[in-house]
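Written below as structure tokens is the structure these notes are about.
Only this structure's heavy atoms are used, side chains among them; waters, hydrogens and symmetry mates stay out.
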Amino acid sequence: MKEKACRSCHKLSEDVKECPICKSTDLTTFWSGFVLFVNPEKSEIAKKMGIVGSGKYALRLSR
Ligand SMILES: [Zn+2]
């Protein structure tokens, strides 16, 4: 099963009905590309994307 991306924070998770980070239920399987953050507090990209937790995040979301 394809992971779902949260439309609010872009977090990717499998088998979830809500985002484990921001608790949003607005999830989509229509995403492309992802980044894996191990130390988001040290990453410039994570800062730009507003990411606070480690893990996989979708780069692009589509409708
Ligand atoms: Zn989220």
Side-chain angles (χ1 to χ4, degrees):
M1 193 185 134
K2 194 172 183 186
E3 289 153 300
K4 290 175 186 170
C6 170
R7 284 195 202 275
S8 308
C9 70
H10 289 209
K11 171 76 179 162
L12 286 170
S13 338
E14 265 180 286
D15 277 337
V16 288
K17 291 202 167 59
E18 62 170 30
C19 173
I21 303 290
C22 67
K23 306 296 174 198
S24 168
T25 52
D26 196 3
L27 308 171
T28 178
T29 52
F30 297 98
W31 54 268
S32 62
F34 68 86
V35 255
L36 177 66
F37 290 114
V38 183
N39 296 302
E41 65 279 2
K42 290 177 188 159
S43 165
E44 287 300 318
I45 305 160
K47 261 178 229 162
K48 263 184 215 164
M49 287 172 75
I51 280 151
V52 287
S54 59
K56 278 165 81 178
Y57 288 82
L59 278 178
R60 264 180 235 74
L61 301 183
S62 50
R63 283 282 151 192

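- Around the CG atom of Leu59, the shell of radius 6.0 Å holds more than 12 heavy atoms that belong to other residues, nucleotides or ligands.
- In this structure, OG1 in Thr29 is found 11.5 Å from CD in Glu3, a value given to the nearest 0.5 Å.
- Considering every non-hydrogen atom in both Leu61 and Arg7, the closest pair reads CD1-CA, 3.6 Å.
- In this structure, NZ in Lys47 is found 9.5 Å from CD in Glu41, a value given to the nearest 0.5 Å.
- The minimum heavy-atom distance linking Lys11 with Ser54 is given by the pair NZ-O, 3.4 Å.
- Smallest separation of non-hydrogen atoms from Glu18 and Leu27: N-CD1, 4.0 Å.
- The line from CG of Asp26 to NZ of Lys4 is 11.5 Å long, rounded to the nearest 0.5 Å.
- When all heavy atoms of Gly53 and Ile51 are compared, the pair lying nearest together is O-CG2, 3.3 Å.
- The two atoms that bring Pro40 and Ala46 nearest to each other are O-CB, 3.4 Å, heavy atoms only.
- A 4.5 Å side-chain heavy-atom check between Ile21 and Tyr57 finds at least one atom pair inside the cut-off.
- Closest non-hydrogen pair, Cys9 versus Cys6, comes out as N-SG, 3.4 Å.
- In terms of modelled atom types and a separation under 3.5 Å, the side chain of Lys56 and the main chain of Phe34 share no donor-acceptor contact.
- Of the possible polar contacts, none joining the Trp31 side chain to the His10 backbone as a donor-acceptor pair under 3.5 Å is found.
- Ser62 places a side-chain N or O within donor-acceptor distance of the main-chain N or O of Phe30, the cut-off being under 3.5 Å.
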